[in-house]
Amino acid sequence: MTRPGDLNHLFVVFGATGDLMRRKLLAALFRLGRRDGGARGVVLGVGRSPWTDDRFRVWAREALLALGHPDEGVSQWCEGCLFYHALGERAEDDEELRERMESLERAHGLPGNRVLYLAIPPDAVPATVERIGRSGLHRSHGWTRLVLEKPFGTDLASARALNQLIHASFEESQVFRIDHYLGKETMQNLLTFRFANPVFESVWNRDRVDHVQITVAEAVGVEGRGHSYDRVGALRDMVQNHLTQILSLIAMEPPARFEADAIRNEKVKVLHSVAPVARDAAVFGQYTRGQVEGRDVTGYGEEVEAPSRTETFVALRLELANWRWRGVPFYLRTGKRLKRQISQVVVQFRPAPLCPLGPDCPASPNALVITLQPDEGFDLLVEVKTPGQAIAFQTQRFRFRYAEVFGPLPDAYETLLYDVLTGDQTLFVRSDEIEAAWRLYEAILTHPPEVHPYVAGSWGPEQADALLAREGRSWWNP
Ligand code: BG6
């Protein structure tokens, strides 16, 4: 059992003056610091900017207030818990950082527990991991945990190399690879929903399911980060991680135990059963000028410096070669500047084998629609007879919405950071899992399909519709 004192720690954020810290980490750290009976944490921001503690605190306070936190408690937390260290490039600088960490630990009576959080650009990660290893920042009297953001590598080879580099200094049990989708309450609920409701589990297979659709649609574009996005694209930015995680949770077998490695074993098995995606099962797109939610927006080509073939939309057809799912296609789709912001899974069941009304039966097959965000909830679509003499069907919904029952959901980062402190790796991606996920997309990363234009505010290029139409199916466009 974890005792409260076991959680007292030094939380070191590399890249502390960056966007992730400002938008997500600060607020999560602040809320964790205020939890009753929670961990006592001291935050040391590390960055290249020559800031002082005071400058960092002012910046952090402004960031928290801008996110809507009432001032109550914010100033006090910033004053008492936030520190900053400017890190240079020389070997002596590493030594200075180590001394600074140790002196903070002594001053605050911390037991040597350390979180080393890399909130830095992906190309700076390998060098920073090496520096940590060389200078021994990961060695202390308490536990040390390394947290890495996505993207983890840019392909299978680079992910493998990064894993090797990390394992030179850290055990896998110390490594927390973030996919922030796993911190979302609705993603976690996919597990409990499936395995706590046997009524669904018994139809969750090739006998009853016709196909599965996973859509993560964004109304936003690249939001001023066209330069870095252009080197990444939607396949690396969204599909290899977030959508693949959703796929694993939907398709996995019940774990032997509800604990991190048993669950992650089952997720890896799913990935091993997926055939690598072939080029003709993939559609890439890029948005052009259009209208999203009533607003005129520019095309992707106008947001990057040079003509670009980077995909801002991907649709894929995946097949799983295992007993549960053989023959059931999984269609994945994500894009920027689509018609609306929504993440949804649709499990489309097979139609009735015979219709009570004869051959021209208008009854639609049942579907379970799981909305991951926004308006999180579940809808089970069923057919009912419309009242009156003539027999006709209408589709109706059994509907559940989180917000109506539970109010606002916790933020993903707060959940994930708490799990880092308690050492629970369930919601983090294991080294073999990340490599298995890259393997699926190797072929289309090496030889990408043609990139088709789509109008901003649409549901993507028409070729994505054709991907399903050739099998007599169509996308659910909410
Ligand atoms: C990030 C991607 O991982 O996820 C972004 O890099 C994307 O491009 C974001 O916008 C979407 O996250 P959410 O939580 O807003 O759905």
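Just follow the structure's listing: the first ligand is 1, and inside any ligand the first atom is 1.
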Open item on the list: Let's go through N189 and F378 carefully: what are the C-alpha distance in whole Å and the side-chain angles of both, what is the deciding distance for side chain to side chain contact (heavy atoms under 4.5 Å, CB included) to 0.1 Å, and is it a yes or a no?
Closed with: CA-CA 11 Å; N189 194 47; F378 291 80; 3.4 Å; yes
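- Residues that satisfy the side-chain hydrogen bond (donor to acceptor under 3.5 Å, both in side chains) test with Q396, not counting sequence neighbours, are Q394.
- Around ligand 1, the residues contributing at least one heavy atom under 4.0 Å from the ligand are K150, H180, Y181, K184, E218, R225, D237, M238, H242, K336, Q373.
- Ring centers of Y402 and F400: under 6.0 Å apart, within the cut-off.
- Side chain to side chain, R264 and Q425 meet the donor-acceptor criterion of an N or O pair below 3.5 Å.
- Counting heavy-atom neighbours within 6.0 Å of E201 CD, excluding the residue itself, gives a total above 12.
- Taking 4.5 Å as the limit, some side-chain heavy atom of H180 sits within range of a side-chain heavy atom of H242.
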